[in-house]
*Asks:* 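Before I ask anything, let me first share the structure, which is written out below as structure tokens.
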Amino acid sequence: MLLLAATAAGWVDAVVGGGGLIQLPALLVLNPGQPVAALATNKLASIAGTSSAAVAYLRKAKPDLPVAIPAGAAAVCSSAVGALCASAISSDVLKPIIMVVLLAVAALVVLKPDLGRVPKLVLRTRRRLAAAILIPGLAIAFYDGLVGPGTGTFLVLAFTTLLGTDFVNASANAKIINTGTNLGALIVFSIQGEVLWAIGLAMAACNIVGAQFGARMAINKGAGFVRVVLLCVVTALVLKLGYEQVA
């Protein structure tokens with residue numbers, strides 16, 4: 001079950017992010033009393049997939065390296081801080097806020113059908129570029145270390161709305177930063193002794209397989225395909241969080 005979940009999560013993460021929606025619940029089924037260990041092992045599996053997807057995107061897509069690299073470097077530190085807070089802050093406090101944000105994301109994508117389909121020319125002011133580095137590299141990275149699921153989706157939308165990037169190249173940027181967020185959190189969790197290494201390494205291998213298929217499909221099928229997967233992932237995340245709120 002875990003290996004299948006890791007393969008599917010790698011595919012979803014490579015296309016648009018949100019693989020934690022599949023992978024983290026599977027780990028929680030295995031270790032219901034160890035949420036931090038599940039989160040830590042999820043990071044080990046995810047970093048393998050996101051880094052391999054980043055390489056695939058670098059070969060075929062056009063990531064915005066002057067933005068993605070500094071954001072990715074900042075993400076390592078910010079995600080580490082989020083991981084340090086993971087055992088102290090209940091994710092239940094954040095779930096209603098995350099649901100509202102996800103609903104806003106879904107509304108934005110539905111109401112703006114041209115969003116992310118093709119690159120949109122925007123004036124790259126210093127303020128806009130700073131926001132494109134700091135929001136993904138600090139705010140979203142902190143969330144990834146703290147909770148995780150949906151991070152890739154938030155990153156894709158950040159680049160699409162802030163820089164006018166199409167969905168495919170936004171996914172390429174997201175993979176670079178997501179590798180940084182996974183690395184920062186994994187370092188902290190490793191020091192704390194929370195990572196289940198044997199399980200995590202087996203899942204990492206499957207995550208890479210899924211990520212390679214996902215990245216190639218996103219590149220070949222284009223922004224329209226990514227948009228559909230994005231809406232499916234956001235809907236699934238909202239339903240999952242909503243169910244957890246009422247259960």
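Remember, it's a predicted structure, so these values are computed and weren't measured experimentally.
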*Asks:* Which pair of non-hydrogen atoms, one from V12 and one from G19, has the smallest distance, and what is that distance?
*Replies:*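 Heavy atoms of V12 and G19 come nearest at CG1-N, 3.9 Å.
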*Asks:* Checking side chain to side chain contact (heavy atoms under 4.5 Å, CB included) for the pair F167/V16: CA distance, chi angles, key distance, verdict?
*Replies:* CA-CA 8 Å; F167 280 137; V16 76; 5.9 Å; no
*Asks:* Looking only at heavy atoms, which two atoms of L44 and A204 are closest? And how far apart?
*Replies:*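 Here L44 and A204 meet closest at O-CB, 4.0 Å.
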*Asks:* Take I208 and F213 through the test side chain to side chain contact (heavy atoms under 4.5 Å, CB included) and record every step on the way to the result.
*Replies:* CA-CA 9 Å; I208 290 173; F213 278 112; over 6 Å; no
*Asks:* Between F142 and C85, is any pair of side-chain heavy atoms under 4.5 Å apart?
*Replies:*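 They are in side-chain contact.
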*Asks:* What is the distance from atom CD of E194 to atom OG1 of T41, rounded to the nearest 0.5 Å?
*Replies:*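 One finds 8.5 Å between CD of E194 and OG1 of T41.
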*Asks:* So V67 and N173, do their side chains get closer than 4.5 Å, heavy atoms only?
*Replies:*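 No, every pair of side-chain atoms sits at 4.5 Å or beyond.
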*Asks:* Out of curiosity, R216 CZ to K221 NZ, how far, rounded to the nearest 0.5 Å?
*Replies:*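 Result: 14.5 Å between the selected atoms.
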*Asks:* Are any side-chain N or O atoms of S51 and backbone N or O atoms of I47, one a donor and one an acceptor, separated by less than 3.5 Å?
*Replies:*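 Flag set: sc S51 to bb I47 pair under 3.5 Å.
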*Asks:* Would you kindly confirm whether W197 and I191 end up in one hydrophobic cluster when ILVMFWY residues are joined by side chain heavy atoms under 4.5 Å apart?
*Replies:*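 The answer is yes; both residues are in one hydrophobic cluster.
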*Asks:* With the side chain counted from C-beta on, respond yes when V168 and K62 share a heavy-atom pair under 4.5 Å apart, and no when they do not.
*Replies:*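 Result no, sub-4.5 Å side-chain heavy-atom pair not found.
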*Asks:* Do you know which two heavy atoms are closest between G145 and A185, and how far apart they sit?
*Replies:*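 The pair with the smallest heavy-atom distance is CA-CB, 4.2 Å.
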*Asks:* Would you mind reporting whether T7 and N207 have side-chain heavy atoms less than 4.5 Å apart?
*Replies:*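 They are not in contact (no side-chain heavy atoms under 4.5 Å apart), so the answer is no.
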*Asks:* Any side-chain heavy atom of K60 within less than 4.5 Å of one from N220?
*Replies:*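 In short, these two side chains do not touch, never coming nearer than 4.5 Å.
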*Asks:* Could you tell me whether the side chain of S171 reaches within less than 4.5 Å of the side chain of V226, counting heavy atoms only?
*Replies:*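 In contact.
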*Asks:* Excluding sequence neighbours, so at least two apart, what forms side chain to side chain donor-acceptor pair (under 3.5 Å) with N182?
*Replies:*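 Expected list: T50.
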*Asks:* Using side chain to side chain donor-acceptor pair (under 3.5 Å) as the criterion, list what pairs up with D13, not counting sequence neighbours.
*Replies:*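 Checked D13 against side chain to side chain donor-acceptor pair (under 3.5 Å); zero matches.
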*Asks:* Please lay out, stage by stage, how T179 and L183 fare under the test side chain to side chain contact (heavy atoms under 4.5 Å, CB included).
*Replies:* CA-CA 6 Å; T179 299; L183 177 60; 5.5 Å; no
*Asks:* Find the distance between CG (L146) and CG (L39) and round it off to the nearest 0.5 Å.
*Replies:*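 Those atoms lie 8.0 Å apart.
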*Asks:* What about V228 and F225, same hydrophobic cluster or not, with Ile/Leu/Val/Met/Phe/Trp/Tyr joined at side-chain heavy-atom distances under 4.5 Å?
*Replies:*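 Not linked; separate clusters.
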*Asks:* Can you tell me how far the CD1 atom of I199 sits from the CG atom of N42, to the nearest 0.5 Å?
*Replies:*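 If I round to the nearest 0.5 Å, the distance is 12.5 Å.
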*Asks:* According to side chain to side chain contact (heavy atoms under 4.5 Å, CB included), who are the partners of T235, at least two apart in sequence or on a separate chain?
*Replies:*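 T235 satisfies side chain to side chain contact (heavy atoms under 4.5 Å, CB included) with L239 once adjacent residues are dropped.
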*Asks:* Kindly give the heavy-atom pair with the smallest separation between L27 and A38, and that separation in Å.
*Replies:*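 Smallest heavy-atom distance, with atoms named: CD1-O, 3.4 Å.
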*Asks:* So does A170 get a backbone contact from the side chain of T165, meaning a donor-acceptor N/O pair under 3.5 Å?
*Replies:*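 Absent.
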*Asks:* Is it the case that one hydrophobic cluster holds both V122 and L157, taking links as side-chain heavy atoms less than 4.5 Å apart, direct or via other members?
*Replies:*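 Different clusters.
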*Asks:* I'd like to know if I22 and L4 are part of one continuous hydrophobic network [Ile/Leu/Val/Met/Phe/Trp/Tyr, side-chain heavy atoms within less than 4.5 Å].
*Replies:*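 No, L4 and I22 fall in different hydrophobic clusters.
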*Asks:* Roughly how far, to the nearest 0.5 Å, is CZ of F189 from CG of L186?
*Replies:*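 If we round to the nearest 0.5 Å, L186:CG and F189:CZ are 9.0 Å apart.
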*Asks:* Measure from the side-chain N and O atoms of S52 to the backbone N and O of G49, and report whether any donor-acceptor pair falls under 3.5 Å.
*Replies:*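 Looks like yes, one N/O pair under 3.5 Å.
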*Asks:* Ignoring hydrogens and geometry, is there a side-chain-to-backbone donor-acceptor pair from S79 to G184 under 3.5 Å?
*Replies:*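 No; judged by distance alone, with no hydrogens or angles, the pair does not exist.
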*Asks:* Going hydrophobic residue to hydrophobic residue with side-chain gaps under 4.5 angstrom, can you get from V36 over to L28?
*Replies:*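 Yes; L28 is reachable from V36 via cluster members.
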*Asks:* Can you list the steps and then say if Q23 with L2 is a side chain to side chain contact (heavy atoms under 4.5 Å, CB included)?
*Replies:* CA-CA 7 Å; Q23 198 162 251; L2 288 176; over 6 Å; no
*Asks:* Evaluate the side-chain proximity of N169 to F159: yes if any heavy-atom separation is below 4.5 Å, no if none is.
*Replies:*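 Not touching, per the 4.5 Å side-chain cut-off.
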*Asks:* If you compare all heavy atoms of K175 against all heavy atoms of A53, which two are closest, and at what distance to 0.1 Å?
*Replies:*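 Where K175 meets A53 most closely, the heavy atoms are CD-CB, 3.9 Å.
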*Asks:* Heavy atoms only: give me the nearest M203-A45 pair and the separation to one decimal.
*Replies:*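 Of all heavy-atom pairs spanning M203 and A45, the closest is CB-CB, 3.7 Å.
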*Asks:* Do any side-chain atoms of residues 124-138 form donor-acceptor pairs under 3.5 angstrom with protein atoms, and if so which ones, sequence neighbours left out?
*Replies:*
from : atom 1 : to   : atom 2 : distance (Å)
R124 : NH1    : D64  : OD2    : 2.6
R124 : NH2    : D64  : OD2    : 2.8
T125 : OG1    : R128 : N      : 3.2
R128 : NE     : L123 : O      : 3.3
R128 : NH1    : L162 : O      : 2.7

*Asks:* Any pair with a residue in residues 134-148 that passes salt bridge (Lys or Arg N to Asp or Glu O under 4.0 Å), sequence neighbours left out, goes on the list, sorted by first then second residue, please.
*Replies:*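 Listed by first then second residue: K43-D144.
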*Asks:* Report the distance from atom OG1 of T181 to atom CD1 of I140, rounding to the nearest 0.5 Å.
*Replies:*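 With rounding to 0.5 Å, OG1 (T181) is 10.0 Å from CD1 (I140).
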*Asks:* Who clusters with L58? Use side-chain heavy atoms, under 4.5 angstrom, across I, L, V, M, F, W and Y, and order the result by chain and number.
*Replies:*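 Hydrophobic cluster check, L58: joined to L65, I69, I176.
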*Asks:* Hey, does V229 have a side-chain heavy atom less than 4.5 Å from the side chain of W11?
*Replies:*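 They are in side-chain contact.
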